[in-house]
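All ligand and atom numbering here is 1-based and tracks the order in the structure. Residue numbers count from 1 along this sequence.
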Amino acid sequence: MCGIMGYVGPQQAAPILLDGLRRLEYRGYDSAGVAVTNGDIDVRKAEGKIDRLADLLNSSPLVGTIGIGHTRWATHGEPSDVNAHPHTDPSGEFVVVHNGIIENFQSLREELEDLGHGFMSETDTEILAHLVAREYDGDLRAAVRAAVAKAEGAYALVVMTKREPGKIVAVRRISPLIVGLGDGETFLASDIPAVLHRTRDFLIVEDGELVVVTEDGAQIEKIEGGVIDREVMHVDWDAEQAEKGGFEHFMLKEIHEQPAVVTETLAGRLDEYGNAWLEDVKFDDEFARDFDELWITACGTAYHAGLVGKEIFRRLLRIPTNVEYAHEMRYNDPLISAKSLTVAISQSGETADTLAAARLAKERGSRLLALTNVVGSTLSREADDILYTRAGPEISVASTKAYLAMLIAQYLLALRIGRVRGVVDEDLAGRVAHGLSQLPAQVEELLHQESEISAAAEAIVDADDVYFIGRGLDYAVAMEGSLKLKEISYLHSEAMPAGELKHGTLALITEGTPVIVVLTQQALYDKTISAVQEVKARGGKVIAVAYEDDDQIHKFAHRVLRVPRADDLLGPVAAVVPLQLLAYHVARLRGHDIDQPRNLAKSVTVE
Ligand code: F6R
């Protein structure tokens, strides 16, 4: 996720911007840059680590006391010097940095090109610099308003012009933005840690607001106009807490980022009729119509996302779909048809086993689609098509938001292919699109059930073994719930299809054994309840994840974690969130290092 910095005050801006950007490094980035005004606007930017930018500033310093800075996490265009922010308009009088995605970037770019505009970079950001300059008529604030009225999406935008020195104008549409209030100087940033060592007084810019920053402070307004009287927030957090946004752990922060992640993953890619546009999925309609089998390969949590994908593709596309652990597939001589599509799923895009399986699929003639979170990762470079999940950097070793984004991306892919093949009609596509659009609000709602989840965590914290069951998509979710629990709480757990229990594992269910059942698949509800009955009859302690309007489940379960009613096909998205939180709370009660569990690494780049 990109980092933003801004400074207006009496000191030299460049060192302050650079320092702020370093403090935002934990957000992840691939390039960095700063711009300072001093009569003119000067920009320095470089791909790679901030040290490269620092070297550039040493050899070619910037003088001026007003400036903006940025660390970029690539979305549109590869990491490069040219694509790094800030970006200027053709006259060089306006400069912008931005975080997030401009959904209608392509049509805006084409409109501007028709008017004779040329662009240096592949970014959506550069368009904003052109738009603001075009709209400028002596008032930067008005120009920014007019530009953002045209730019759809979830983003934060920061603008500066030499025509109005002493001022920075910024807008927040979902992507975070804060103002730090100093003594005769004011800071702007995407996150509090950037400036926490300089001030403890902050104004939080909320979604849909515009802020004008000067050395005397900041004025916050609604984007449409109307001044807002925002209370100053005094922050007592230390720097480490601030990086975690006030959450105790990155994992919890990342779980709470999920509503925004779902919004980002969908942004600009889906209309209300279920038509999906996936910018880097390049295969044509002929391929989408003609390929005859689908392979999904991945490891760990990404594999579990693939299990959900298999069911989505099976149900929506009716295409034979295989999902294989990459470390198995690479050695099991898979019978991959040359007319197939292989989807390799990997948050990092660097997992050695996944890369090996993906290469094997390619060698056998399959078309390779990388479903990954990291722009420019090895997997994305080797693939024919790329579907970026846009979850932003995930710091906690236990994957949460990246998993959710992988699910959303697979619904999009299924819609894209299904519409072309004619197997997903308008009605179904519209229904899925509607369900997807509800998800950010639904996931948000789930995050406020901490007390029920803490109570469920208390109920299993001292268990020796925990079992997870479900059928169909619920089984796929159960697998992920079980992995989350074991990797951070170190509790032994196992997931299985609910119908499998009676074929052996039931022998282990005794008085008090926790069994977590996922129950979003209505067509299989009664069948799953039969397994729950078997558990209950042996004294097992049942914790159910069930829809909020399920009025039967309390008869069978000791505890119920409620999820908002959704279409069965979308059930896994809501159901996984309580399981992530459950794992988190159990691990916390057990006093473990949640973000860095023992023996595990974030990216497994060895076999
Ligand atoms: C578990 C987890 C791992 C990864 C796996 C694959 O929370 O994060 O199981 O999912 O190592 O990693 P990627 O997705 O980077 O290929």
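In this structure, Lys282 is not positioned above the aromatic face of Phe287 in the sense of NZ or CZ being under 6.0 Å from the six-membered ring centre and within 45° of the axis. Annotation: cation-pi geometry satisfied between Arg421 and Phe291 (NZ/CZ under 6.0 angstrom from ring centroid, within 45° of ring axis). For the pair Lys244 and Phe250, the cation-pi criterion (under 6.0 Å, within 45° of the ring axis) is fulfilled. Cation-pi contact between Arg598 and Tyr490: present, with separation from the ring centre below 6.0 Å and deviation from the ring axis of at most 45°.
When each of Lys484, Glu480, Gln258, His585 is checked for a side-chain hydrogen bond (donor to acceptor under 3.5 Å, both in side chains) with Gln580, only Gln258 meets the rule.
The single protein non-hydrogen atom nearest to atom 15 (O) of ligand 1 is Ser348 OG, 2.7 Å, given as residue, atom name and distance. Among protein heavy atoms, atom 11 (O) of ligand 1 sits closest to Val604 CG2, 4.0 Å. The protein heavy-atom contact nearest to atom 5 (C) of ligand 1 is Cys299 O, 3.6 Å.
Atom numbering of ligand 1 starts at 1 in the shown order; those under 4.0 Å from a heavy atom of Ala302 are 10 (O), 14 (O). Per-residue contacts place Ala398 under 4.0 angstrom from the following atoms of ligand 1 (heavy atoms of the residue considered): 7 (O). Shown in contact with Val397 at under 4.0 Å from a heavy atom are these atoms of ligand 1, numbered in order with element: 7 (O), 8 (O). Within the listing of ligand 1, atoms 13 (P), 14 (O), 15 (O), 16 (O) sit less than 4.0 angstrom from a heavy atom of Gln347. Ligand-side atoms of ligand 1 in range of Ser399: 7 (O), 8 (O), range being under 4.0 angstrom from any heavy atom. Within ligand 1, the atoms closer than 4.0 Å to a non-hydrogen atom of Lys484 are 1 (C), 7 (O), numbered from 1 in the order shown. Listed by number with element, the atoms of ligand 1 under 4.0 angstrom from any heavy atom of Ser346 are 13 (P), 14 (O), 15 (O), 16 (O).
Of the candidates Thr372, Thr301, Thr351, the one placing a heavy atom closest to atom 13 (P) of ligand 1 is Thr351.
Checked by atom type and distance alone, the side chain of Asp385 pairs as donor or acceptor with a backbone atom of Phe283 at under 3.5 Å. In this structure, the side chain of Ser482 does not engage the main chain of Met479 through any donor-acceptor pair within 3.5 Å.
When heavy-atom distances to ligand 1 are checked against a 4.0 Å cut-off, Glu487 comes that close only through its side chain, counted from C-beta outward.
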Check the pair Arg359, Glu363 against salt bridge (charged side-chain N to carboxylate O under 4.0 Å, His left out), reporting the backbone distance first and the verdict last. CA-CA 6 Å; Arg359 285 171 189 149; Glu363 272 164 38; over 6 Å; no

